[in-house]
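What follows is one structure encoded as structure tokens, with my remarks underneath.
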Amino acid sequence: MISLIDGNNFYVSCERVFNPKLRNKPVVVLSNNDGCVVSRSDEAKKLGIKMGQPFFEIKPFIKKHDIKYFSSNYSLYGDMSARIIKTLEQFSPEIEMYSIDEAFIDLSHVSQEKLHEFGWKIKNTVYQHTGIPCGIGISFTKSLAKVANKIAKKSAKAKGVLALYEQSHITEALKRTEIGDLWGIGRKYAKKLKENGVNSALEYRNLEIDWLRKNLTINGVHLAQELHGISCLDLELFHEPKKSITVSRSFGRAQSDFNDIFSALANHTAVACRKLRQEGLEAQYFCIYLATSYHKENFFSDSINIRLPYYTSFTPEYLKYGLIALKKIFKENKMYKKCGILLFDLKSKSTLPSHLFDFRNLEQENALISTIDQINNRNGASSINFADLFINKNWTPQRAHVSKKYTTNLNELILAR
DNA sequence: TCTGGGGTCCTAGGACCC
DNA sequence: TCTGGGGTCCTAGGACCC
């Protein structure tokens with residue numbers, strides 16, 4: 001058996017842990033750049049605020065109903081997520097942290113008649129240890145656990161915990177699950193399926209394999225089998241090495257000056273390279289990306305791929321080639337709204353030169369960059385950095401309503417108490 | 001009359017997830 | 001004025017090989 005545990009309205013719940021006044025009140029958390037709503041309390045949902053709704057559109061509504069709102073505070077949410085995993089470790093040796101607010105855990109060591117009780121024990125303990133309310137779904141496969149989790153949160157009877165193991169209950173649950181709520185069925189597939197008369201998960205499960213294969217790829221077939229209780233998706237217990245790393249941000253306001261934009265790109269590049277080093281990886285290819293506002297007329301974007309002479313994670317190398325690349329795609333008189341960098345073709349760090357004509361002094365590079373990383377780890381990001389990053393900060397995203405660093409900044413933690 | 005068969009690799013685009 | 005960011009996987013089609 002597998003259980004899916006996820007934090008309810010996770011970002012909002014994280015904010016509430018350290019600010020109890022927010023309980024029982026409508027609260028939303030905004031995306032980067034205070035762009036749109038990405039997490040809503042139940043009260044905010046009841047008022048009709050939609051997921052992904054632009055903030056500026058609902059600002060008057062928010063003031064009128066005294067809805068509390070916050071810029072996203074990812075260091076706080078990441079830290080709360082780590083606390084949840086720590087708590088889950090006492091319930092099962094096999095845990096897959098699927099996203100910042102969701103984990104699958106193996107429950108094959110629990111007998112069927114104890115599943116429900118065990119689920120409640122997990123829910124209560126997570127709340128006790130972290131202050132985060134969560135939903136628990138339990139069943140034979142990951143996809144069925146997802147179905148159970150969704151119903152657990154909706155049903156007044158389940159109150160947040162549901163174990164599905166009786167066939168009649170599974171059938172009933174699938175009948176009640178709308179096709180678009182299935183894990184793996186997005187907007188496009190939901191539309192296509194409805195056009196073919198498939199409106200519930202139960203109807204989906206009855207579809208012909210060949211039809212699914214043809215119209216929804218092999219993933220669609222796997223989903224149907226999972227709904228029959230045949231496991232196709234294993235728990236991923238080990239952290240797979242990343243295949244790509246992206247860092248991109250919308251600018252606080254549109255930018256047209258080359259130096260301003262390079263300054264932003266340099267900052268994203270430094271963050272991306274640091275992630276690369278944290279993963280113990282190096283890249284040889286990267287792509288930089290530049291775009292105007294997607295929501296304005298004459299949307300324009302351009303990107304360019306760069307191949308470095310060797311695999312590396314040394315930031316100055318990326319800054320050097322990034323500057324050349326940006327000059328190639330930058331155009332005057334455009335109001336750019338966003339830029340980013342994508343690192344791909346990643347492989348494990350090697351300490352050897354890659355070829356005969358590689359004249360880098362790797363020892364020196366490593367000494368420099370690891371010193372910089374250490375200083376920044378100890379004293380906060382960008383305590384020390386490359387000059388390109390400081391040209392100016394006109395581009396910095398909006399983040400006007402951020403909460404305190406309750407868990408990651410000692411001084412603020414003491415103040416909060 | 002009439003022009004093979006089998007395979008790999010790469011890429012762009014589309015779909016999904018949170 | 002103002003609309004997020006970071007990922008993965010699958011497939012079809014083209015290019016190329018013998």
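Lettering follows sequence order; numbering is per chain, from 1. Just so you know, these numbers come straight off a predicted model, no measurement behind them.
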Sugar-phosphate, base or nothing in reach of A:F55, heavy atoms under 4.0 Å: nothing

Euclidean distance, A:C273 SG relative to A:E282 CD, rounded to 0.5 Å: 11.0 Å

Option passing side-chain contact (heavy atoms from CB on, under 4.5 Å) with A:T292 (candidates A:K331, A:E297, A:K334): A:K334

A:F70-A:H401 aromatic ring centre distance below 6.0 Å: no

Spacing between A:H222 atom NE2 and B:dC17 atom P, to the nearest angstrom: 17 Å

Atom pair distance, as rounded to whole Å: OH in A:Y285 and P in B:dC10: 10 Å

Pair pattern of DNA chain C in dot-bracket, where unpaired bases get dots and | marks partners in another strand, Watson-Crick or G-U under 3.5 angstrom: ....||||||||||||||

Any A:K337 side-chain nitrogen or oxygen under 4.0 Å from OP1 or OP2 of C:dC2: no

Nearest-Å distance for atom pair CZ/P, residues A:R307 and B:dC10: 13 Å

Shortest side-chain distance from A:I245, nucleotide among B:dC18, C:dG7, C:dT3: C:dG7

Short side-chain N/O contact from A:K242 to OP1 or OP2 of C:dG6, under 4.0 Å: no

Touch class at under 4.0 angstrom, heavy-atom based, for A:N32 against every strand present: sugar-phosphate

For atom CD1 of A:I5 and atom C1' of B:dC18, their distance in whole Å: 17 Å

Touch class at under 4.0 angstrom, heavy-atom based, for A:Q53 against every strand present: nothing

Audit row: A:K191, A:E195, salt bridge (Lys or Arg N to Asp or Glu O under 4.0 Å) steps and yes/no: CA-CA 6 Å; A:K191 183 164 173 272; A:E195 283 164 7; 3.5 Å; yes

Distance-only side-chain donor-acceptor flag, A:N259 / A:N392, under 3.5 Å: no

Out of C:dG5, C:dG6, B:dC18, whichever nucleotide has its closest atom nearest the side chain of A:K146: B:dC18

C:dC9 OP1/OP2 closer than 4.0 Å to side-chain N/O of A:K243: yes

Sugar-phosphate, base or nothing in reach of A:D34, heavy atoms under 4.0 Å: nothing

Inter-residue atom distance A:L115.CG - A:I136.CD1, 0.5 Å rounding: 11.5 Å

Proximity to the side chain of A:N219 - top-ranked nucleotide from C:dG4, C:dG6, C:dC10: C:dC10

Atom pair distance, as rounded to whole Å: CD in A:E102 and P in C:dG7: 17 Å

Closest-nucleotide ordering on DNA chain C, the 5'-leading residue of A:S244 and A:P397: A:P397

Which nucleotide in C:dG4, C:dG7, C:dC2 has an atom nearest any side-chain atom of A:F56: C:dC2

Heavy-atom pair with the smallest gap, counting every atom of A:T312 and A:E317: CG2-CG, 4.0 Å

Of A:W395, A:F286, A:Y289, A:F262, the residue whose pairing with A:H268 passes ring-ring contact (aromatic ring centres under 6.0 Å, His included): A:W395

N/O (side chain, A:S31) to phosphate O (OP1/OP2, C:dG5) under 4.0 Å: no

Touch class at under 4.0 angstrom, heavy-atom based, for A:L30 against every strand present: nothing

Contacting residues from residues 181-217 of chain A, given that a heavy atom lies under 4.0 angstrom of DNA chain B: A:L182, A:W183, A:G184, A:I185, A:G186, A:R187, A:K188, A:Y189

Validation row, ring centre A:F104 to ring centre A:W183 under 6.0 Å: yes

Residues A:K46 and A:E43 bridged, charged N to O under 4.0 Å: no

Whole-Å P distance, B:dT3 and C:dC18: 25 Å

Touch class at under 4.0 angstrom, heavy-atom based, for A:R253 against every strand present: nothing

Spacing of A:Y74 atom OH relative to C:dG5 atom C1', expressed in whole Å: 7 Å

Sugar-phosphate, base or nothing in reach of A:K59, heavy atoms under 4.0 Å: nothing

Nucleotide nearest A:S250 when distance is taken to its side chain, options C:dG5, C:dG7, C:dT8: C:dG5

Test of ring centre spacing under 6.0 Å for A:Y165 and A:H169: no

Separation of atom CG in A:N9 from atom C1' in B:dC18, rounded to whole Å: 15 Å

Atom pair distance, as rounded to whole Å: CD1 in A:I218 and P in B:dA15: 18 Å

